[in-house]
Structures are given as C-alpha cells and as structure tokens.
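Since the structure comes first, as structure tokens, the remarks are kept for the end.
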Number of protein chains: 2
Amino acid sequence: MSLEQFNIIESTLREGEQFVNAFFTLDQKIEIARLLDAFGVEYLELTTPCASPQSEIDCRAIASLGLRARTLTHTRCAMEDVRRAVGTGVSGVDVVIGTSSYLREFSHGKSIAEIIGMAQEVVGWLKTQSVEVRFSTEDSLRSEPEDLYRVYAAVDQMGVDRVGIADTVGIGNPRQIYELVSGLHRRVRAGIEFHGHNDTGCAIANAFAALEAGASYIDTSVLGIGERNGITALGGLIARLYAVSPALVGKYNLPLLLELDRLVAGLVRVDIPFNNYVTGFSAFTHKAGIHAKAVLNNPSTYEVLRPEDFGLTRYIHIAHRLTGWNAVRYRAGQLGLELSDAQVRAVTDQIKRLSDERELALDEVDGLLMAAIQSVQSREEISA
Amino acid sequence: MSLEQFNIIESTLREGEQFVNAFFTLDQKIEIARLLDAFGVEYLELTTPCASPQSEIDCRAIASLGLRARTLTHTRCAMEDVRRAVGTGVSGVDVVIGTSSYLREFSHGKSIAEIIGMAQEVVGWLKTQSVEVRFSTEDSLRSEPEDLYRVYAAVDQMGVDRVGIADTVGIGNPRQIYELVSGLHRRVRAGIEFHGHNDTGCAIANAFAALEAGASYIDTSVLGIGERNGITALGGLIARLYAVSPALVGKYNLPLLLELDRLVAGLVRVDIPFNNYVTGFSAFTHKAGIHAKAVLNNPSTYEVLRPEDFGLTRYIHIAHRLTGWNAVRYRAGQLGLELSDAQVRAVTDQIKRLSDERELALDEVDGLLMAAIQSVQSREEISA
C-alpha cells in the first residue's frame with residue numbers, strides 16, 4: 001500500500017509561479033523553500049532555468065541552500081534545457097512532453113515515435129549525470145492510453161526514477177485516474193508521480209486515487225496556486241490523508257500549514273479562501289444546534305480533523321436562530337452560571353426570537369444568561 | 001446511466017444557513033430562491049420550520065412563491081417536526097437521522113431497531129400527506145453498512161421517494177462512495193440522494209462518484225457554504241459534469257452562476273475564493289508561455305471549460321518572465337504591429353529581463369512592441 005510511503009513534490013516554486021498573481025523575488029523564494037523544508041516536504045520543484053536569467057540564478061541559489069528536501073527543476077524534453085537544468089546543481093530533473101492529440105497538433109507537433117526518440121536522447125544523457133530523472137507526459141488524460149504506455153515503457157527501460165501522469169487541464173475524475181495509474185503500475189518498475197489540476201474540483205480526490213492505485217509521488221502547491229485555478233493544494237492533500245489516518249502525515253510539521261498558507265497568500269495578494277481546507281476561517285466552526293450538542297459531547301462526532309493537531313481551535317457559534325439548548329447550557333457552564341434545564345430552554349427561545357430579527361453577538365447571549373441567573377437570585381431572595 | 005437524469009437539491013437556504021457567517025432575512029432568502037430558480041435547479045431545500053418562529057414564516061413564504069423548483073424542508077425524524085414541515089406547504093420533507101455509532105452514542109442515543117421504528121411512524125404518516133418523502137441517514141460513512149442497508153430497506157418498503165446518503169463529516173472518498181451507493185442502488189427502488197461535506201477536499205468528486213454509481217440527486221449550496229468549510233459547491237458540480245459533456249448541464253442557465261456566487265458571497269460577507277470553480281478570478285487565466293501559445297492556437301488545449309458558455313472571458317497574461325514569444329507575437333497582432341519573428345523574440349527577451357527585476361504591466365509590454373516597430377520604421381527611413 002503506497003499510502004504509507006508517499007512523497008510530496010511541492011511545486012509552489014514552479015507550478016505556483018504560473019499563478020497569474022505570482023511574482024516571487026529570490027528572497028521570497030528562499031523564504032518559501034525554507035518554510036516548506038521545515039514543514040517536511042520531500043521535494044521542492046523549481047521553475048526551469050531556461051525561463052529567464054533570474055530563474056536560473058534562483059534555481060542555483062535554492063539548490064545550494066543545503067535543505068533537507070531534494071530540489072528538482074521542470075524542463076521540456078530537449079537537450080539544451082536539461083543540460084542547463086543539471087548545471088544548476090539540482091538533485092533531479094523533471095522532464096515533460098505533451099502526448100495528447102491536442103498538444104501534438106496545437107503545441108509541439110511531434111508523433112509518438114518522435115517523442116520516444118527525443119526521450120531516448122534526453123534520458124540517456126541525464127542517466128550519465130548523477131541526478132534523479134522523472135519523465136512525464138502532459139495532458140495524459142486526453143492521450144491514448146496505448147500511446148502513453150508505449151512512451152512510459154520506453155523510458156522505464158532507460159531507467160528513469162519516476163514516470164509522471166499529468167491531468168494538465170483538470171478533466172480527470174478519480175475512477176479514471178485510478179484505472180490509468182493501476183495500469184501503469186503493472187507496467188513499470190519506476191515510481192509513479194501524479195500532477196492534477198483542479199478546474200473541475202477533483203485535484204485532491206484524484207491525487208488520493210492515484211496513491212490508492214500505486215502512485216507514491218504527488219505534486220502540490222501551497223493553497224493549490226498554479227495555472228488557472230491551480231492544482232492539488234498541499235493542505236487539502238494533508239487533510240485527505242489525515243482522514244485516513246493521522247499517522248500517514250505524522251512526518252510533517254502540521255502546525256506550519258497556517259504559516260505557509262498565510263505566507264504564500266500574502267505574497268500573491270489573495271485571501272486564504274474562507275472555505276480552505278484546515279486553514280480557512282470556517283474550517284472548525286460549528287453552528288446548528290444538533291451539531292454543537294454532539295461536538296460538545298465528543299468533537300469526533302462532527303470533526304474528522306482535530307484542530308489541535310494543526311495548532312488551531314474550534315469555534316462553536318451559539319448566537320443564532322439554529323442554536324440548541326445543549327450548546328446554550330454549555331455556554332452557561334463556561335460562565336459559571338448554574339441554571340436549570342427549563343431556564344436554559346427559556347433563554348434558548350429568547351436567543352431564537354431575537355436572532356430572527358437581527359444578528360446577535362455572543363456577549364448578548366451572555367447577557368441573556370446573566371439576566372436569567374439574576375432573576376433566579378432575586379426570586380430566591382424574595383422567598384428567603 | 002444516471003448522469004443524464006440527475007437533479008440538484010440546492011441547499012443554500014438550509015445547509016448554507018448553517019455557515020457561520022450566514023444570516024438571511026426573508027427578503028434575502030427570496031432573492032436567492034428566485035435566482036436559483038432562474039438558474040434552473042430542480043429543488044430548493046429550506047431550514048426546518050422548527051428552528052425558530054421566523055424560519056417557519058420563511059419556509060411558508062418560499063413554498064408559496066410559485067417557483068418552478070420544488071421546495072423541501074429538512075427535519076429530524078420526529079412526528080412534531082414533520083407535521084410542522086407539512087404545514088408550511090412545501091412539496092417534500094427531507095427526514096434525517098444519525099446512524100453512526102458516534103451519533104447514536106453522543107447525539108440521539110437510539111438503536112437501529114428504534115430508528116426503524118421511528119421511521120415507520122414518521123414515514124407512514126408522511127405517506128398519507130401529498131408530499132415527496134426523503135429518508136436520509138446522517139454520518140453514513142461511519143455507519144455499519146449492514147445497519148444502513150437495514151434502515152434503507154425498511155423505508156424503501158414504506159415507499160419513500162428518495163433515500164439519502166450523507167457524508168456529514170467529510171471523511172468519505174470517491175471509491176467508498178461509489179461502493180456504498182452501488183450497494184444501495186442494488187437494494188432499493190427509491191431514488192438515491194448524496195450529501196457530502198468538503199473537509200478533506202472530496203465533496204465534488206464524491207458527488208460525481210455517487211452519480212456514477214446510480215444516485216440521481218445531489219445536494220449543493222452556492223459557493224459550497226455550510227457547516228464548517230461546507231459541502232459540494234453548485235458551481236463545482238456544474239464544472240465537473242460539464243467536463244464530461246456540456247449537454248449534461250444544458251438544462252441550466254450557466255451565465256447566472258457568477259451572479260449567484262456574487263449574491264451569496266456578498267450576503268455572507270466573504271470574497272469569492274480566488275481559485276473558485278468557474279467564477280474565481282484566476283479560473284480562465286493562462287500564464288506560462290507554452291500554455292499561452294497552445295491556447296492561442298486552440299483554447300481546448302488547456303481549457304476543459306469554455307468561458308463563453310458561462311458568460312466569461314479568458315485572460316492570457318504575457319507580461320512576466322515565464323512568457324513565450326508566440327504569446328508576444330499574438331499581442332503584436334492585436335495591436336496591428338507587423339514585426340518579424342526575430343523582432344518578436346528580441347522583445348520577448350526584453351520582457352523576461354525586465355520582469356526578472358520587477359512586475360511588468362501590459363502597457364509596458366505594448367510600449368516595448370511599439371518601440372520595436374518604431375526602430376524598424378526609422379531604419380527603413382534611413383535606408384530609403
């Protein structure tokens with residue numbers, strides 16, 4: 001079961017740089033790289049040195065930081081590109097070429113036989129260098145499976161370390177990914193990497209399906225940033241694996257996730273989405289009375305992620321019309337107020353009536369509970 | 001194949017009201033309901049009239065608007081609740097009860113036999129009313145499948161219209177959902193509904209897996225709002241099905257999606273996430289040179305969703321270090337400038353060098369192209 005031995009290829013510094021708002025200086029790239037390294041990702045993928053003069057400087061600089069994470073750069077399947085990539089001192093080179101009929105017709109114009117020929121030259125040379133070699137097709141989901149398997153079998157025979165499947169346009173669904181990766185797993189001895197875009201909302205589920213089918217390398221980026229609406233988000237993948245078993249992600253420093261999301265969101269000038277996995281502001285909020293009651297009894301009732309494990313806390317919202325008396329009783333307890341069940345139910349009705357008219361704040365709820373206890377005390381005084 | 005006959009049960013006005021920031025007045029609820037109706041969803045699910053006095057008024061008001069969409073309300077499996085639900089005039093009642101060991105221990109404390117007994121009373125009565133009846137378990141993914149199937153078989157025999165599977169905590173993954181729904185599909189004649197939370201990033205993929213396995217009703221909310229980080233987003237589900245075939249979602253008014261996302265985001269005071277399906281600002285942006293080149297040749301190369309079908313437009317970003325000369329040549333063409341390939345390549349190098357130092361704006365790129373054409377013209381004048 002490869003879920004136990006998966007690796008993250010963190011591509012904020014490659015795919016993430018393709019996000020429309022991204023412009024990272026070298027200092028910012030180093031800050032991101034160091035924080036990802038502290039979090040514990042196994043690989044950092046960097047923009048090709050062929051993109052621009054500064055990209056080459058950046059690639060060299062990050063490769064020489066002495067991080068625990070291995071560094072990779074991502075290049076076209078061309079000798080000039082991979083020579084320059086190796087020259088930067090990275091630990092590995094991720095070679096990519098499009099195999100779909102779309103890319104063959106509208107992008108590079110090569111046949112499958114030509115692609116294999118190019119791969120032989122490029123991979124053959126890379127194997128003489130002491131670097132890891134990954135060979136990936138692009139737009140794999142819209143390629144003919146037989147074409148794909150021919151290319152992968154050829155590069156597998158050349159001894160590549162990893163073969164990559166890329167859902168470049170975000171069209172794949174989990175059952176397709178599972179089938180494609182399973183078929184590949186039977187055919188190659190190389191490790192399998194999955195890279196998935198999120199245009200149709202399946203990037204996390206597809207990455208998970210790939211792992212279930214035998215992949216052991218998943219590409220991520222912080223907040224999922226990348227071309228268009230991006231790829232598998234680092235935090236989302238972590239959440240998915242944590243839900244299977246927290247031990248699967250025990251090798252990572254989970255409380256750094258919030259810092260990573262905040263850092264990258266700030267640098268690319270976006271807000272962390274309100275509904276982001278783990279770090280969105282609503283991720284650990286509970287509202288409906290029936291949820292609040294059960295979470296107070298046992299948080300696992302409605303929480304598959306323990307916020308404490310991510311250095312976060314839950315929030316139970318009680319000042320609204322969907323509230324329930326159990327949650328209100330809990331709040332009375334927090335305030336040290338001893339009210340009977342009947343009294344708590346009466347305050348709950350007051351909260352519902354008031355919040356039907358306008359939004360209530362927690363201190364107003366507290367005020368209602370205090371008023372209830374005072375009316376109890378004054379009745380006791382009268383009867384005393 | 002149920003993908004062709006699926007229905008959306010739009011729950012912004014029930015699950016969405018459980019989002020921590022949601023407070024909808026009746027007027028706002030009506031605005032949301034009318035816009036969802038214009039979009040074309042088949043059902044609107046409303047907060048139970050038992051939640052508060054205003055919730056009952058709202059439920060009656062929306063049920064009597066005369067919308068094309070059928071109205072449902074969502075209640076506990078209790079006689080007092082369903083009587084009140086039917087009294088509001090809705091077209092159907094969605095009954096729910098927890099079956100997981102967590103909910104049985106920490107929430108309602110009932111055994112499976114007791115649950116079936118309660119269902120018999122409640123469903124038996126509802127069947128005497130002229131309403132649709134849905135019976136759902138809660139936290140279905142952490143329930144024993146045998147327990148679930150016993151309950152579903154019992155209510156199916158009572159003649160419920162739909163049975164519901166709810167991944168209340170967002171723990172399910174697509175292969176699990178597919179298996180659970182397939183098993184249910186073999187056992188009941190009722191329609192199957194799926195409700196899935198998104199804590200671990202699978203809400204869209206799980207809904208799709210449910211449809212593949214024989215479900216024909218999916219719960220959604222606008223932007224996915226709901227308890228915690230929410231459920232299957234309406235726009236995300238649409239994008240997923242569109243990727244299979246645009247005809248599957250041809251029955252909806254797709255350009256209203258942006259208006260819906262904007263309306264609800266405004267009412268609950270959040271921004272539309274930057275990476276939201278279809279309507280996030282980055283959904284149709286292209287940046288890397290190799291992507292831009294191919295998209296200019298044929299947008300389908302890197303786009304699985306046609307922005308035009310959603311009333312939106314694509315944006316090709318060229319003023320950055322990852323740009324390519326084909327995209328720059330296209331821009332020159334847009335400006336009516338006739339430059340040779342060598343000249344366009346020279347301008348591309350200038351763009352890369354400048355954008356290595358700082359962020360460039362499009363008008364600066366245009367300036368470089370204009371300068372290139374002027375230098376051509378002045379050379380021509382000198383030689384004339």
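By convention in this document, chain letters (A, B, ...) are assigned in the order of the sequence lines, proteins followed by strands, and residues within each chain are numbered from 1.
- For the pair A:Val20/B:Tyr315, a side-chain contact is recorded, criterion being any heavy-atom separation below 4.5 Å from C-beta on.
- A:Phe23 and B:Arg321 make their closest contact through CE1-NH2, 3.8 Å (heavy atoms, listed as atom of the first residue, atom of the second, distance).
- Residue with the most contacts toward chain A among B:Ala239, B:Gly201, B:Ala22: B:Gly201 (heavy-atom pairs, distance under 4.5 Å).
- Side-chain contact between A:Cys202 and B:Arg240 is present, with heavy atoms from C-beta onward closer than 4.5 Å.
- Between A:Arg269 and B:Glu359 there is a salt bridge, with a side-chain nitrogen of the basic residue lying less than 4.0 Å from a carboxylate oxygen of the acidic one.
- Residue B:Phe284 holds its CZ atom at 8.0 Å from CG of A:Asp199, rounded to the nearest 0.5 Å.
- Interface residue A:Ile171: backbone and side-chain heavy atoms are both found under 4.5 Å from chain B.
- For B:Arg142, the CZ atom sits in a packed shell: over 12 heavy atoms of surrounding residues, nucleotides or ligands are nearer than 6.0 Å.
- Heavy atoms closer than 4.5 Å to chain A are found nowhere in B:Ala233, neither backbone nor side chain.
- Chain B forms the most heavy-atom pairs under 4.5 Å with one residue out of A:Val169, A:Val304, A:Thr285, and that residue is A:Thr285.
- Of the candidates A:Asp271, A:Ile225, A:Ile272, B:Phe274 forms a side chain to side chain contact (heavy atoms under 4.5 Å, CB included) with just one, namely A:Ile225.
- For the pair A:Ile204/B:Thr200, no side-chain contact is recorded, criterion being any heavy-atom separation below 4.5 Å from C-beta on.
- In this structure, chain B has no heavy atom under 4.5 Å from any part of A:Ala203.
- Comment: B:Arg228 does not engage A:Glu303 in a salt bridge, judged by the lack of any side-chain N to carboxylate O separation of less than 4.0 angstrom.
- Looking only at heavy-atom pairs under 4.5 Å with chain B, the residue among A:Pro174, A:Gly236, A:Ala288, A:Ala243 that has the most is A:Ala288.
- Between the side chain of B:Glu227 and the main chain of A:Lys287, a donor-acceptor pair closer than 3.5 Å is present.
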_With side-chain contact (heavy atoms from CB on, under 4.5 Å) as the criterion, how do A:Leu322 and B:Arg14 come out once you've worked through the C-alpha distance, each side chain's angles and the decisive distance to 0.1 Å?_
CA-CA 10 Å; A:Leu322 308 178; B:Arg14 195 282 292 175; over 6 Å; no
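- Atom-to-atom distance recorded for A:His286:NE2 and B:Gln18:CD is 12.0 Å, nearest 0.5 angstrom.
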*Can B:Tyr302 and A:Asp139 be said to form a side-chain contact (heavy atoms from CB on, under 4.5 Å), step by step?*
CA-CA 8 Å; B:Tyr302 286 100; A:Asp139 200 8; over 6 Å; no
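- Looking at A:Asp58, the atoms closer than 4.5 Å to chain B (heavy atoms on both sides) all sit in the side chain, from C-beta outward.
- For a residue to count as touching a neighbouring chain, one of its non-hydrogen atoms must lie under 4.5 Å from one of that chain's; by this rule B:Ile57 does not touch chain A.
- If you take OG on B:Ser282 and CG on A:Asn21, they are separated by 8.0 Å, rounding to the nearest 0.5 Å.
- Using modelled atom types, one finds a donor on one side chain and an acceptor on the other under 3.5 Å when comparing A:Ser52 with B:Asp356.
- Note that the CZ atom of A:Phe281 and the CG atom of B:Asn229 stand 11.0 Å from one another [nearest 0.5 Å].
- Taking the side chain as every heavy atom from C-beta outward, B:Phe208 and A:Arg175 never approach each other to under 4.5 Å.
- No donor-acceptor pair under 3.5 Å is formed between the side chain of B:Lys352 and the backbone N or O of A:Pro53.
- The choice from A:Ser300, A:Gly280, A:Gly289, A:Ser355 that makes the most heavy-atom pairs within less than 4.5 Å of chain B is A:Ser300.
- Contact annotation: the side chain of B:Ile290 approaches that of A:Arg76 to within less than 4.5 Å [non-hydrogen atoms, C-beta and beyond].
- Nearest heavy atoms, B:Asn275 versus A:Pro273: OD1-CG, 3.7 Å.
- The CD atom of B:Glu357 sits 8.5 Å away from atom CD of A:Gln54, with the distance rounded to the nearest 0.5 Å.
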